[in-house]
Participant: 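Below: one structure in structure tokens.
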There are 2 protein chains.
Amino acid sequence: MLNYTTSEENYIKSIYHLQKDSDTVNTNSLAAEMQTSAASVTDMLKKLKNKKLLQYERYRGFKLNETGKKVALGVVRKHRLWEYFLVEKLGFDWDKVHPIAEELEHISSDELIKRLEHFLGSPSFDPHGDPIPDRNGKIPVIKQLCLSVVPLKHSVTVSSVANQTPQMLEMLKHYHIGIGTTIIVTRHFEFDGSLEIKILRQPSCILSEQVAKNVFVHYDQ
Amino acid sequence: MLNYTTSEENYIKSIYHLQKDSDTVNTNSLAAEMQTSAASVTDMLKKLKNKKLLQYERYRGFKLNETGKKVALGVVRKHRLWEYFLVEKLGFDWDKVHPIAEELEHISSDELIKRLEHFLGSPSFDPHGDPIPDRNGKIPVIKQLCLSVVPLKHSVTVSSVANQTPQMLEMLKHYHIGIGTTIIVTRHFEFDGSLEIKILRQPSCILSEQVAKNVFVHYDQ
DNA sequence: TATTTTTTTTAGATTTGTCTAAATTTATTT
DNA sequence: AAATAAATTTAGACAAATCTAAAAAAAATA
């Protein structure tokens with residue numbers, strides 16, 4: 001596989017994330033996402049089109065082709081493996097690792113990533129619960145649902161968190177909730193949508209609907 | 001501390017290595033070291049002088065000042081910690097890690113390096129036996145001598161290897177010699193300068209003078 | 001010391017990625 | 001459908017890092 005510049009990789013990654021939500025992407029939303037000007041985006045689109053990484057007709061929006069998606073998945077893979085390393089091996093809090101992984105994801109060695117993955121035990125999900133694509137770009141899937149809609153008395157495990165701010169982290173730390181935590185919802189208060197939950201070896205506690213809406217879980221086997 | 005570009009850091013590091021041998025550095029030798037043109041070196045020298053990292057009078061050579069040396073030591077520190085990580089944690093052969101560490105050394109986070117160092121157990125020497133500067137730029141010293149001049153029957157430990165090519169690595173692997181290996185020189189053949197050595201749990205073997213001249217050791221306590 | 005050679009610097013281009021401002025195309029409203 | 005607004009692209013510029021070729025300075029040699 002060819003090598004791309006850090007800037008190209010960043011554009012490709014952002015397009016990839018945007019086109020998951022809305023099939024074709026437009027210039028302004030990419031400019032907003034990347035905090036740059038629409039003109040810069042247009043410039044880069046021409047380069048990426050020349051390198052055959054995306055479909056693009058001027059004024060008509062754009063989307064990554066298969067090659068482009070593979071490149072994007074490679075960058076996402078590296079980003080999430082490094083995040084896992086930073087949290088699990090170096091002990092960073094998960095809300096601190098993003099900017100560092102943004103740099104590490106552009107280190108080019110394939111052998112490095114192969115060995116890093118093995119060293120980490122081939123994790124399937126990063127510390128935020130986001131899936132880590134495998135070497136072929138395959139993304140592990142998991143049947144997730146929002147904690148706010150989980151039925152009472154079912155045992156579920158936290159698999160990801162939507163809002164990844166320091167404020168949310170602080171909140172979750174206080175409640176002893178992290179990726180992998182097992183939770184049972186014991187009551188649902190109609191009035192404000194808040195939940196009473198039970199975590200193993202913790203006293204019961206109440207979560208606001210706002211928090212619950214940002215926590216995603218899967219059913220335990 | 002300010003941030004510098006990857007290119008600036010690479011120039012600073014190369015100047016640092018060159019000025020260890022010859023107090024003041026000249027344009028052509030830096031150009032050769034960095035595999036670039038003398039004109040490019042002059043361009044960069046002006047930038048580094050503006051940023052107050054080196055003493056430089058045109059046509060008169062140049063050298064890093066104290067600020068420049070600190071920056072250089074920071075880069076060297078990062079390079080060697082990453083090399084240690086790549087060899088000790090990811091299982092790379094030591095002759096494969098240099099180009100990867102050349103990329104990793106430019107990752108900017110200080111917190112990352114602090115935690116990486118702690119994770120690695122604060123090593124003092126990298127896998128080639130080169131010293132790792134501490135957070136303040138202090139370089140651990142060790143009283144080294146060349147294996148070719150070690151007196152007979154003294155127990156010594158390999159601390160570094162001068163020639164770090166794949167060919168040398170292959171040779172040393174064959175003899176079961178690495179950084180940290182304990183060696184006793186049992187005979188010295190005047191004819192060709194070759195040595196008979198004994199390594200714990202290995203049969204005695206003969207090293208050519210050429211190999212011995214590239215191996216550095218220190219006396220055991 | 002005068003000449004030649006070597007080293008170093010300058011001058012002028014080039015590439016990559018960015019910018020602002022103006023022009024163009026598309027979309028939305030009267 | 002015409003006018004207006006919004007989105008997008010082009011034109012032209014700039015900074016960083018590089019290059020080649022020419023000029024200038026320093027060093028070596030005759």
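When reading the values below, keep in mind they use all heavy atoms of this one structure, side chains included, and skip hydrogens, waters and symmetry mates.
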Participant: Where the side chain of B/A39 is defined as all heavy atoms beyond and including C-beta, which of D/dT9, C/dT18, D/dT20 is the nearest nucleotide?
Facilitator: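 The closest nucleotide is D/dT20.
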Participant: With respect to the side chain of B/S7, which nucleotide from C/dT10, D/dT18, C/dC19 is positioned closest?
Facilitator: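 From the listed options, D/dT18 comes nearest.
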Participant: Has B/T36 got a side-chain N or O lying under 4.0 Å from the OP1 or OP2 atom of D/dT18?
Facilitator: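 Checking D/dT18 against B/T36, no side-chain N or O comes under 4.0 Å of OP1 or OP2.
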Participant: Is A/Y56 close enough to D/dT9 that one of its side-chain N or O atoms is under 4.0 Å from OP1 or OP2 there?
Facilitator: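 True: A/Y56 side-chain N/O within range (under 4.0 Å) of D/dT9 OP1/OP2.
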Participant: By nearest atom, which of the nucleotides C/dT9, D/dA17, C/dT18 is closest to the B/A38 side chain?
Facilitator: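 Nearest to the side-chain atoms of B/A38, counting from C-beta on, is C/dT9.
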Participant: How are the rings of A/W82 and B/W82 set relative to one another: parallel (under 30°), tilted (30 to 60°) or perpendicular (over 60°)?
Facilitator: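 Aromatic pair A/W82/B/W82 classed perpendicular.
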Participant: Choosing from C/dT18, C/dG17, D/dC19, which nucleotide comes nearest the side chain of A/Y11?
Facilitator: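 Within the option list, the nearest is C/dT18.
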Participant: Determine: side-chain N/O of A/S40 to OP1/OP2 of C/dC19, distance under 4.0 Å, yes or no.
Facilitator: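 Checking A/S40 against C/dC19: at least one side-chain N or O falls below 4.0 Å of OP1 or OP2.
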Participant: Tell me, with the steps shown, if B/T42 and B/Y56 meet side-chain contact (heavy atoms from CB on, under 4.5 Å).
Facilitator: CA-CA 10 Å; B/T42 302; B/Y56 166 51; 3.8 Å; yes
Participant: Take atom CD of A/E111 as the centre, draw a 6.0 Å sphere, and report whether it contains more than 12 heavy atoms from other residues, nucleotides or ligands.
Facilitator: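 Counting other residues, nucleotides and ligands, CD of A/E111 exceeds 12 neighbours.
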Participant: So what does A/D43 touch, heavy atoms closer than 4.0 Å: a base, only the sugar-phosphate, or nothing?
Facilitator: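 Touches a base.
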Participant: To the nearest 0.5 Å, tell me how far A/H98 NE2 sits from A/Q164 CD.
Facilitator: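 Nearest 0.5 Å value for the NE2-CD distance: 9.0 Å.
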Participant: Below 4.0 angstrom from OP1 or OP2 of D/dA6, is there any side-chain N or O of A/N28?
Facilitator: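 No.
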Participant: Looking at C/dT7, I'd like to know if its phosphate oxygens (OP1 or OP2) sit under 4.0 Å from a side-chain N or O belonging to B/R60.
Facilitator: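 No, outside the criterion.
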Participant: Can you check the A/K51 NZ to C/dG17 C1' distance for me, whole Å?
Facilitator: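 Distance, rounded to whole Å: 12 Å.
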Participant: If you compare every side-chain N and O of B/T5 against the phosphate oxygens of D/dA17 (OP1, OP2), does one of them come in below 4.0 Å?
Facilitator: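 For B/T5, the contact criterion (side-chain N or O under 4.0 Å from OP1 or OP2 of D/dA17) is met.
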Participant: Give the rounded distance in Å between these two atoms: CD of B/E57 and C1' of D/dA24.
Facilitator: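 Answer to the nearest Å: 17 Å.
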Participant: Could you state the CD-C1' distance from B/E8 to D/dA15, rounded to the nearest angstrom?
Facilitator: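 B/E8 atom CD is separated from D/dA15 atom C1' by 12 Å.
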Participant: Heavy atoms under 4.0 Å, any strand shown: does B/T42 hit a base, just sugar-phosphate, or nothing?
Facilitator: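 Here B/T42 touches the bases of the nucleic acid.
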Participant: Just N and O in the side chain of B/K47: are any of them under 4.0 Å from OP1 or OP2 of D/dA16?
Facilitator: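 Answer no for this pair, as no side-chain N or O of B/K47 is under 4.0 Å from OP1 or OP2.
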Participant: Tell me which of A/T6 and B/F62 sits closer to the 5' end of DNA chain C, going by the nucleotide each one is nearest to.
Facilitator: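 Residue closer to the 5' terminus by nearest nucleotide: B/F62.
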Participant: Under 3.5 Å, which donor-acceptor pairs link side chains of residues 86-95 of chain A to any protein atom two or more places apart or in another chain?
Facilitator:
from, atom 1, to, atom 2, distance (Å)
A/D93, OD1, A/K173, NZ, 3.1
A/D93, OD2, A/K173, NZ, 3.0

Participant: So which protein nitrogen or oxygen atoms get under 3.5 Å of nucleotides 22-24 of chain C's nitrogens or oxygens?
Facilitator:
from, atom 1, to, atom 2, distance (Å)
C/dT24, O2, A/Y59, OH, 3.4

Participant: Check the pair A/H174, A/E170 against side chain to side chain donor-acceptor pair (under 3.5 Å), reporting the backbone distance first and the verdict last.
Facilitator: CA-CA 6 Å; A/H174 171 256; A/E170 185 193 16; over 6 Å; no
Participant: Any carboxylate oxygen within less than 4.0 angstrom of a Lys/Arg side-chain nitrogen, looking at B/K69 and B/E66?
Facilitator: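 B/E66 and B/K69: salt-bridged.
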Participant: Assign the ring pair B/F85 / A/F119 to parallel, tilted or perpendicular, where the plane angle (0 to 90°) is split at 30° and 60°.
Facilitator: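 Taking A/F119 first and then B/F85, their aromatic rings stand perpendicular (interplane angle over 60°).
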Participant: At 4.0 Å (heavy atoms only), tell me whether A/S37 reaches a base, stays on the sugar-phosphate, or touches nothing.
Facilitator: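 A/S37: base contact, heavy atoms under 4.0 Å.
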Participant: Phosphate oxygens OP1/OP2 of C/dT9: is one of them under 4.0 Å from a side-chain N or O of B/K46?
Facilitator: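 Indeed not, no polar side-chain atom of B/K46 lies that close.
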Participant: Closest nucleotide of DNA chain C for A/M44 versus for B/L45: which of these residues is on the 5' side?
Facilitator: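 Per heavy-atom nearest nucleotide, the more 5' residue is B/L45.
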